[in-house]
Amino acid sequence: MKLNLASIISQPGGKVPFSITMDFSQMDFGGSRPASEPVLVQGQVRNEAGVLILTAAITTTLHCICDRCAAPFTRGFSRDVEAILVTELAHEQNEDDWTFLLSGDEADLDDIMTTAFVLNMDSKMLCSADCKGLCATCGKNLNEGPCDCRKELDPRLAVLKQLLKDKE
C-alpha cells in the first residue's frame with residue numbers, strides 16, 4: 001500500500017494516520033509459515049521539524065513449531081516500529097535498516113512493514129524458554145517427562161567401567 005504524504009512533507013506538525021491489514025501467510029521462516037493469520041498494522045507518519053517519522057504497531061498471532069521439541073504452539077506477536085522517511089539519501093553508505101526512501105510523495109508501507117516484520121521475528125522459535133527438547137536416542141518429548149532410555153556412559157569413563165568389571 002502506498003501512503004500519500006504530500007499534505008505533510010512541507011508542514012511541520014502534520015500527521016497522516018494509517019491502518020492496514022497485511023498477509024504474510026506465504027512468508028517462509030525456517031521451513032514453516034508462522035504468520036497464517038492477518039497482520040494488523042496501525043500507526044501514523046508525522047512531520048517533526050521537517051523530519052518524517054513513521055511510528056506503528058504490528059500485531060498478529062503466530063502459529064509455530066518449536067525448534068527444540070517439534071510441538072506446535074501459538075504466540076502473540078506485537079512489535080513497535082519507528083522509521084525515518086526521507087525524500088533523498090544524502091550518503092548511501094550511511095543508510096540503515098530504519099531509513100526508507102519515499103517514492104515521490106508516497107511511502108511504500110508494504111516494503112517498510114515487511115522489513116519490520118522480518119527483522120523482528122525470533123531466529124529460533126521455542127514453545128517456552130526452558131523447553132527441554134527431544135531425547136536424542138528415542139525421540140520422546142522431554143517436556144512430557146523423562147524417557148526410559150539408558151543413559152550412555154561418557155566414553156572417557158569407559159576405562160573406569162572396565163576396572164569395575166575386572167573386580168567382579
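In what follows, every heavy atom counts, from backbone to side chain, and hydrogens, waters and symmetry copies are set aside.
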- Which pairs with one or both residues in residues 17-40 pass side chain to side chain donor-acceptor pair (under 3.5 Å), sequence neighbours excluded?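 Pairs touching residues 17-40 that pass the test: Asp23-Ser25, Gln26-Arg33, Glu37-His63.
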
- Quick one: side chain to side chain donor-acceptor pair (under 3.5 Å) pairs with a partner in residues 122-140, sequence neighbours left out?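 Every side chain to side chain donor-acceptor pair (under 3.5 Å) pair that includes a residue of residues 122-140, provided the two are not neighbours, is Arg75-Asp122, Ser128-Asp130.
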
Would you indicate whether the side-chain heavy atoms of [Y] and [X] approach each other to under 4.5 Å?
{"X": "Phe77", "Y": "Thr61", "result": "no"}
{"X": "Thr59", "Y": "Gln42", "result": "no"}
{"X": "Leu62", "Y": "Phe73", "result": "no"}
{"X": "Leu3", "Y": "Val16", "result": "yes"}
{"X": "Leu85", "Y": "Ile112", "result": "yes"}
{"X": "Leu52", "Y": "Ile84", "result": "no"}

So which heavy atom on [X] is nearest to which on [Y], and how close?
{"X": "Asp111", "Y": "Thr115", "value": "O-OG1, 2.9 Å"}
{"X": "Cys127", "Y": "Cys66", "value": "N-SG, 3.3 Å"}
{"X": "Ala35", "Y": "Phe117", "value": "CB-CZ, 3.8 Å"}
{"X": "Ile9", "Y": "Asp105", "value": "CD1-OD1, 3.4 Å"}
{"X": "Cys69", "Y": "Leu134", "value": "O-CD2, 3.4 Å"}
{"X": "Arg68", "Y": "Cys131", "value": "NH1-O, 3.1 Å"}

Is it true that [X] and [Y] fall in one hydrophobic cluster, defined by side-chain heavy atoms closer than 4.5 Å?
{"X": "Ile20", "Y": "Val118", "answer": "yes"}
{"X": "Ile8", "Y": "Leu54", "answer": "yes"}
{"X": "Phe100", "Y": "Leu102", "answer": "yes"}
{"X": "Met125", "Y": "Phe29", "answer": "yes"}
{"X": "Leu5", "Y": "Trp98", "answer": "yes"}

- Item | side chain to side chain contact (heavy atoms under 4.5 Å, CB included) involving Glu82 - partner list, sequence neighbours excluded |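 Applying side chain to side chain contact (heavy atoms under 4.5 Å, CB included) to Glu82 gives Ile53, Thr55.
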
- Query: How many angstroms lie between CZ in Arg79 and CE in Met121, if you round to the nearest 0.5 Å?
  - Reply: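 With rounding to 0.5 Å, CZ (Arg79) is 8.5 Å from CE (Met121).
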
- Between OG of Ser78 and CD1 of Ile58, what distance do you get to the nearest 0.5 Å?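 One gets 9.0 Å once the value is rounded to the nearest 0.5 Å.
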
- Item | Residue pair Met22, Thr114: steps toward the side-chain contact (heavy atoms from CB on, under 4.5 Å) verdict | CA-CA 9 Å; Met22 300 184 75; Thr114 301; 4.0 Å; yes

- ring-ring contact (aromatic ring centres under 6.0 Å, His included) pairs, two or more places apart, involving residues 124-150: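 Output for this query is empty, none listed.
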
- Item | Pairs flagged by ring-ring contact (aromatic ring centres under 6.0 Å, His included) wherever residues 121-158 is involved - sequence neighbours left out |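 Residue pairs passing ring-ring contact (aromatic ring centres under 6.0 Å, His included), neighbours aside: none found.
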
- Task: Report the C-alpha distance between Asp108 and Lys2 in whole Å, list the side-chain angles of each, state the deciding distance to 0.1 Å, and finish with yes or no for side-chain contact (heavy atoms from CB on, under 4.5 Å).
- Result: CA-CA 5 Å; Asp108 185 354; Lys2 303 283 186 187; 3.7 Å; yes

- Could you pull out all residues at least two apart from Glu48 that satisfy side-chain hydrogen bond (donor to acceptor under 3.5 Å, both in side chains)?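 Result, side-chain hydrogen bond (donor to acceptor under 3.5 Å, both in side chains) vs Glu48: Arg46.
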
